[in-house]
Amino acid sequence: MEQERKTIYSAIQPTGIITIGNYIGAINNWVKFLDDFNSIFAIADLHSLTVRQNPTEYRQRGLSFFAQLIASGLDPEKCILYFQSHVPAHAELTWLLNCYTYVGEMQRMTQFKDKSAKNEDNINMGLLDYPVLMAADILLYQSHYVPIGIDQQQHMEITRDIAIRFNNLYGDTFTVPEGYYPKVGAKIFSLQDPTAKMSKSDPDPNGSISIIEEPDSIARKIRRAVTDSETEVRYDVENKPGVSNLLVILSVMSRQSLESVIDKYTGYSYKELKEAVAESIIEHFAPIRAEYARLMKDKAYLLETAKEGASKAAYLASKTLRKVKRKMGLVELK
Ligand code: AQP
């Protein structure tokens, strides 16, 4: 029975804060999959080295993110949860796949262009190669589905291209994965600029909310959220992106369909909507905040869990890596 289960894989970079955007677009779906899939989740700590990190903060943030994922419901008994840097196969497969990926393809990636513009003095090879590392992450585990936000769709497509290209050359080697995007909340927008993605590393703290944020701060940020010059609530993504974003957040946070939230709040004042949104976020994350605080007091448990996760991931990854090397004609040691 166990062998028939499909595999899901996803990861999060330990930069900035885990936002309600990351939660709604990705983590919330990871949790829903746990019981029915072989589930593998990583802290993508090699990916975020493409941007300069302060080592002391980076180490602390890595562990904090790990605890936030467990607190969000990623029970390590039900999934493999690990740090990407603890499984060397990711870097190794990246090199091998680099030889099947074209520079032009990488230069065309929107994220590469955006991040190059933001880091003009540090357009490093890692930034260009980021999608190949992501392809290696996913393909190492023969993943069927990758639950992610819509911002990662382009990288998902290149992952599929690389897998298909390799399979065409060498015969079936990789499962060709599919992106899985939530029907509601695939892209949560900044509270300060509702046309831009809510971002983990937004320098404006009022644009995003962390999943472990203090209730007072959540209420304040929602009160200040940018809407428009009208006064009544209406769902209209084109003309009222701020209000529509709040309705989407309310729907996921209160575990109600978007339709029923729209039905209920259409015609309400912005103040009333904002109060309901703030309350729903505070309520949704209260148990997660409490569990996070508890976990952070038990560093030994976190490190032991990370070690066990890495060892399970490394075992699976090594099987794919051996297969890839064999197909490519690298000499095997018995
Ligand atoms: N605003 C969002 N709405 C829905 N899903 C989102 N995701 C990210 N932002 C939103 C999804 O969260 C997962 C982890 O993404 P990531 O680690 O690449 O982080 P990020 O938030 O996308 O990072 P930023 O904002 O670009 O900041 P940096 O990289 O500078 O730290 C992914 O599944 C993503 O789709």
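Indexing begins at 1, ligand by ligand and atom by atom, following the structure's order.
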**Prompt:** For Ser190, which residues count as a side chain to side chain contact (heavy atoms under 4.5 Å, CB included) partner, sequence neighbours excluded?
**Reply:**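 Partners of Ser190 under the side chain to side chain contact (heavy atoms under 4.5 Å, CB included) test: Gln192, Asp193, Asp202.
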
With sequence neighbours left out, what residues match Thr56 under side chain to side chain contact (heavy atoms under 4.5 Å, CB included)?
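Asn54, Gln60.
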
List the steps, then state whether salt bridge (charged side-chain N to carboxylate O under 4.0 Å, His left out) holds for Glu279 with Lys274.
CA-CA 8 Å; Glu279 209 172 291; Lys274 284 180 170 182; over 6 Å; no

Within the heavy-atom cut-off of under 4.0 Å, ligand 1 is lined by Ala11, Ile12, Gln13, Thr15, Gly21, Asn22, Gly25, Ala26, Lys115, Ile148, Gly149, Asp151, Gln152, Gly185, Ala186, Lys187, Ile188, Lys197, Met198, Ser199, Lys200, Ser201

Quiz item: With a 4.0 Å cut-off, would you call Arg160 and Glu178 a salt bridge?
Solution: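 Glu178 and Arg160: not salt-bridged.
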
Discussion item. Distance alone, cut at 3.5 Å: any donor-acceptor contact between the side chains of Tyr141 and Thr175?
Written reply: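 Their side chains do not contain a donor-acceptor pair, so the 3.5 Å distance test is not met.
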
Residues pairing under side chain to side chain donor-acceptor pair (under 3.5 Å) where one sits in residues 250-262, two or more places apart or in two chains, turn out to be Ser254-Gln256, Ser257-Ser260

